[in-house]
Undergrad: 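This is the structure, below, for whatever I ask next.
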Amino acid sequence: MRSIWNGTIGFGLVSIPIKMYSATNQERINLDMLDKEDHSRIRYQRVNENTGKEVKWADIVKGFQLDGEYIVLTDEDFEKANAKKTKSIEIDDFVEEKEIDSIYFDKPYYLEPTEAGRKPYALLREALNKTGKVGVATFVLRQKENLAILRPMREAIVLNKIRFQEEIRDIADLNLPKEVNLDNKQVDMAIQLIDQYTTEFDISAYKDTYSEQLKNLIQEKAKGQVTKKEKVEKAPTKSKDLMAQLKASLEQKKKKAS
């Protein structure tokens, strides 16, 4: 794995030198965009809007428009804005992970200590394990301040980026059911259905089957075979049919279990 960020974890006055690695690997089929007329690939170019000429990556800089003029920023400028946050993951607080709603969770990263940081890294990991707490930290990655939690996972400390509160849209903008008169029998039956489907979570039981099915379809099209489109239409359950559908769901689950 190739590290994407090098710096330190700030734990009080303890400084732990680390490298950061992406913890996820997205498996997806690479599809090219083509011209439907002759199937030529569509390419995107970085073009100067004044000259119309393509610009090389090496000649591109970043700038902020202020009063109609661009202020060009260099890598050094981004560090000068807050040198500490560009080089350090500063733990500000420790909290219970269950207090953080899942809507805030974003992307996970592995943190690996350098040789000099192995002992303080192990100390932080052990302390997190013993207390059951997670560290809340801030740091800068790719010119953006990030909020994150640090938590132990087996021998590793994992950094999970989490979203700031202002990044979450308000549910008040949604048209949601508020006061609905629910039949107690229906609620009890819905709970029974949940109980029937309740199991211990095993991540290995869930597979990406769609990618494999898409690959098969591509192979079939390459051979000139035409796959019949499966018709999938689910009508919303009407209020008067709710009890019957719940009962049928319970029976279906019982038959599968037997």
Undergrad: Do Phe11 and Tyr121 have side chains that approach each other closer than 4.5 Å (heavy atoms only, starting at C-beta)?
TA: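 When only atoms from C-beta onward are counted, Tyr121 and Phe11 do not touch, as no gap falls below 4.5 Å.
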Undergrad: Contact between Gln186 and Met189 at the side-chain level, heavy atoms closer than 4.5 Å - yes or no?
TA: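 Heavy-atom side-chain distance check fails, nothing below 4.5 Å.
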Undergrad: Are any non-hydrogen side-chain atoms of Asp35 and Ile42 less than 4.5 angstrom apart?
TA: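 Asp35 reaches Ile42 side chain to side chain.
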Undergrad: Between Arg125 and Glu155, is there a side-chain heavy-atom distance shorter than 4.5 Å?
TA: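 Yes; the side chains approach each other to less than 4.5 Å.
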Undergrad: Are any non-hydrogen side-chain atoms of Asp59 and Lys56 less than 4.5 angstrom apart?
TA: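 A side-chain contact exists here, since the closest heavy-atom pair is under 4.5 Å.
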Undergrad: Asp170 side chain to Asp173 main-chain N or O, any donor-acceptor pair under 3.5 Å?
TA: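 Not a single qualifying donor-acceptor pair exists.
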Undergrad: Can Phe164 be reached from Ile162 by stepping across I, L, V, M, F, W or Y side chains whose heavy atoms are under 4.5 Å apart?
TA: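 Yes, because Ile162 and Phe164 connect within a single hydrophobic cluster, where side-chain heavy atoms sit under 4.5 Å apart.
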Undergrad: Do other residues, nucleotides or ligands put more than 12 heavy atoms under 6.0 Å from Phe105 CZ?
TA: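 Result for CZ/Phe105: enclosed.
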Undergrad: Taking Ile16 as the starting point, is it possible to reach Phe94 by hopping between hydrophobic residues whose side chains are less than 4.5 Å apart?
TA: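 Phe94 and Ile16: one cluster.
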Undergrad: Would you indicate whether Tyr110, at its atom OH, is surrounded by more than 12 heavy atoms from other residues, nucleotides or ligands within a distance under 6.0 Å?
TA: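 No, not enclosed.
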Undergrad: Within the supplied structure, the quantity of interest is the number of heavy atoms (other residues, nucleotides, ligands) at a distance under 6.0 Å from Gln65 CD; does it exceed 12?
TA: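 Counting neighbours around CD of Gln65, more than 12 heavy atoms of other residues, nucleotides or ligands fall under 6.0 Å, so yes.
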Undergrad: Surrounding CG of Asp67 (heavy atoms of other residues, nucleotides or ligands, distance under 6.0 Å), is the total greater than 12?
TA: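 Not more than 12 within 6.0 Å, no.
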Undergrad: Should the heavy atoms of other residues, nucleotides or ligands under 6.0 Å from CD of Gln165 be counted, would the total exceed 12?
TA: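 Result for CD/Gln165: open.
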Undergrad: Main chain of Lys133, side chain of Thr131: is a donor-acceptor contact present, judged purely on distance under 3.5 Å?
TA: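 Looks like yes, one N/O pair under 3.5 Å.
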Undergrad: Is it true that Val140 and Leu147 fall in one hydrophobic cluster, defined by side-chain heavy atoms closer than 4.5 Å?
TA: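 Different clusters.
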Undergrad: With the side chain counted from C-beta on, respond yes when Ile9 and Ile18 share a heavy-atom pair under 4.5 Å apart, and no when they do not.
TA: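 They are in contact (side-chain heavy atoms under 4.5 Å apart), so the answer is yes.
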Undergrad: List in chain and number order the residues that pass side chain to side chain donor-acceptor pair (under 3.5 Å) with Thr138, two or more places apart in sequence or in another chain; answer none if no residue qualifies.
TA: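 Here no residue qualifies.
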Undergrad: Please report the shortest heavy-atom distance between Ile91 and Gly135, naming the atom on each side.
TA: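 Smallest interatomic distance, heavy atoms only, reads CG2-CA, 3.9 Å.
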Undergrad: Might you confirm whether atom CG of Asn30 has over 12 heavy atoms from other residues, nucleotides or ligands at distances under 6.0 Å?
TA: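 Not buried by this count: 12 neighbours or fewer within 6.0 Å.
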Undergrad: Over all heavy atoms of both residues, which pair between Ile4 and Leu141 is shortest? Give the atoms and the distance, please.
TA: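 It is O-CD1, 4.3 Å.
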Undergrad: Val95 vs Val134, test: side chain to side chain contact (heavy atoms under 4.5 Å, CB included). Steps then yes/no.
TA: CA-CA 6 Å; Val95 301; Val134 297; 3.8 Å; yes
Undergrad: Would you name the heavy atoms of Leu128 and Arg151 that are closest together and state the gap between them?
TA: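 So the minimum-distance heavy-atom pair works out to CD1-CA, 4.3 Å.
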Undergrad: Would you find more than 12 non-hydrogen atoms of other residues, nucleotides or ligands less than 6.0 Å from Glu166 atom CD?
TA: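 Count over threshold, so yes.
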Undergrad: Check the surroundings of atom CD1 in Ile171: do more than 12 heavy atoms from other residues, nucleotides or ligands lie under 6.0 Å from it?
TA: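 No.
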Undergrad: If you look at every heavy atom in Trp57 and Arg46, which pair is closest and at what distance?
TA: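 For Trp57 and Arg46, the tightest heavy-atom pair comes out as NE1-NH1, 3.0 Å.
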Undergrad: Report the C-alpha separation of Glu97 and Ile149 in whole Å, then their side-chain angles, then the decisive distance to 0.1 Å, and conclude whether the side chain to side chain contact (heavy atoms under 4.5 Å, CB included) test is met.
TA: CA-CA 9 Å; Glu97 187 173 355; Ile149 62 166; 4.3 Å; yes
Undergrad: Distance check, rounded to the nearest 0.5 Å: Lys19 atom NZ versus Asn6 atom CG?
TA: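 Nearest 0.5 Å value for the NZ-CG distance: 6.0 Å.
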Undergrad: Residues in side chain to side chain donor-acceptor pair (under 3.5 Å) with Lys62, at least two apart?
TA: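 Expected list: Gln143.
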Undergrad: So Tyr44 and Met33, side chain to side chain contact (heavy atoms under 4.5 Å, CB included) or not? Walk me through it.
TA: CA-CA 10 Å; Tyr44 291 96; Met33 296 184 73; 3.4 Å; yes
Undergrad: Tell me whether Trp5 is reachable from Leu124 by hopping between hydrophobic residues (I, L, V, M, F, W, Y) whose side-chain heavy atoms are closer than 4.5 Å.
TA: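 Yes, Leu124 connects to Trp5 through the hydrophobic network.
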Undergrad: Can you name the closest pair of heavy atoms from Lys161 and Tyr109 and give their distance?
TA: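 Closest approach of Lys161 to Tyr109: CD-CE1, 3.8 Å.
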Undergrad: Under the side chain to side chain contact (heavy atoms under 4.5 Å, CB included) rule, what do Glu112 and Ser3 come out as? Steps first, then yes or no, please.
TA: CA-CA 9 Å; Glu112 175 192 70; Ser3 64; over 6 Å; no
Undergrad: Verify the distance criterion only: is there a donor paired with an acceptor across the side chains of Glu76 and Thr74 at less than 3.5 Å?
TA: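 On atom types as modelled, these side chains do not qualify, holding no pair under 3.5 Å.
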Undergrad: Any heavy-atom pair between the side chains of Val158 and Leu150 that's under 4.5 Å?
TA: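 No, their side chains stay 4.5 Å or more apart.
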Undergrad: Determine, using the 4.5 Å side-chain heavy-atom cutoff (strictly less than), whether Ile157 and Leu123 are members of one ILVMFWY cluster.
TA: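 No; Leu123 is not reachable from Ile157 via cluster members.
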Undergrad: With side chains defined as the heavy atoms from C-beta onward, is the minimum distance between Leu111 and Ile89 less than 4.5 Å?
TA: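 Yes, side chains in contact.
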Undergrad: For residues Arg163 and Ile103, report the shortest heavy-atom separation together with the two atoms involved.
TA: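 Heavy-atom minimum between the residues: NH1-O, 3.1 Å.
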